[in-house]
Amino acid sequence: MRVAKTINETQAFLRNVRRDGKTVGLVPTMGAFHDGHLSLMQRARNEEDIVAVSLFVNPTQFGPNEDFDGYTRDFENDARLAQGVGVDLLFAPEAEEMYPDRPLTTVHVDGLTEPLCGAFREGHFDGVTTVCCKLFNIFSPDRAYFGRKDYQQVQVVRRMAIDLNLGVTIVPVPTVREPDGLAMSSRNAYLTAEERAVAPKLYEALQAGANAIRQGACGPDAEALIRDTLAAEPRFGLQYVSALHPETLEPATWSGPPMVLAAAAFLGKARLIDNVLVEA
Ligand code: PAF
């Protein structure tokens with residue numbers, strides 16, 4: 001596995017492989033790899049000639065009171081795990097490489113960024129779309145792989161790629177879960193043992209909502225059911241529970257699928273997000 005710290009090295013490597021007509025898949029990450037990340041890399045490994053991973057804790061997508069400083073950074077372990085799944089190129093730049101000057105340009109996606117996490121994390125999606133746009137320009141990947149756990153992120157980045165003709169196909173990859181259902185996340189490391197024991201209830205509540213949708217419930221009724229289920233566990237600091245159209249992310253006022261049910265809640269220091277897609 002080649003490790004590149006600079007954009008020049010990365011692009012020189014990619015120029016060579018492109019000359020041979022090889023496909024390139026990019027897995028954008030912020031490191032702290034768990035099985036969710038590895039499943040993205042594995043999927044790319046199955047589908048692409050060259051698998052590239054970016055590892056960059058992007059400061060512009062964190063709010064002033066968020067966990068940028070505390071975010072887990074363990075380059076040696078991440079590099080070992082990436083190598084283990086056959087990654088070809090690991091791009092791990094310093095902040096100065098990605099943002100040599102204060103950027104004056106931001107990529108903003110309207111509408112899709114307003115509900116869910118967008119309503120609670122001001123500027124977050126502008127940070128995500130801007131860094132992803134930069135990464136897509138650096139790598140020119142054929143496909144980029146994103147976890148479905150960050151459902152809104154997938155929709156926002158996909159729409160940016162379409163609107164700006166970036167020539168990359170966004171591949172959503174199913175959420176990887178712990179045996180008790182908790183969605184894998186780098187932020188699960190913040191949970192105490194007690195909090196970890198109640199954390200799977202977020203997914204259980206979403207599943208209860210999804211079952212109700214399958215039986216013909218409307219979006220607002222499913223939201224109420226999820227909220228009531230979560231209210232039984234006072235440690236959850238609920239931010240939102242929303243039933244939305246899976247692509248437009250508009251409130252789902254109708255009954256039955258298709259719908260995505262998404263929720264975010266603090267549990268101690270960890271902000272957990274999860275979702276269930278109920279397909280037609
Ligand atoms: O999902 C993440 O880890 C980040 O938001 C991403 C896509 C790597 C952009 O920094």
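One-based numbering, in listed order, for ligands and for the atoms of each.
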List ligand 1 atoms under 4.0 Å from [X], heavy atoms only on the residue side.
X: Val131; result: 9 (C), 10 (O)
X: Phe146; result: 7 (C)
X: Thr29; result: 8 (C)

Any chance the side chains of [X] and [Y] put a donor and an acceptor closer than 3.5 Å?
X: Tyr145; Y: Glu48; result: yes
X: Arg271; Y: Gln239; result: yes
X: His108; Y: Asp110; result: yes
X: Tyr99; Y: Asn58; result: yes

Is the cationic atom of Lys5 (NZ for Lys, CZ for Arg) positioned less than 6.0 Å from the six-membered ring centroid of Phe75 and within 45 degrees of its normal?
->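 Yes - Lys5 lies over the ring of Phe75, closer than 6.0 Å to its centre and within 45° of its axis.
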
For [atom], grab the closest protein heavy atom and report residue, atom and distance to one decimal in Å.
atom: atom 1 (O) of ligand 1; answer: Gln153 NE2, 2.8 Å
atom: atom 10 (O) of ligand 1; answer: Gln61 OE1, 2.6 Å
atom: atom 3 (O) of ligand 1; answer: Met30 CG, 3.6 Å

Is the shortest distance from a Lys or Arg side-chain nitrogen in Arg18 or Asp49 to a carboxylate oxygen in the other one below 4.0 Å?
->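 Answer for the salt bridge query: no.
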
If you measure from each non-hydrogen atom of Val157 to ligand 1, which part falls under 4.0 Å: side chain, backbone, both or neither?
->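 Under 4.0 Å from ligand 1, Val157 contributes no heavy atoms.
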
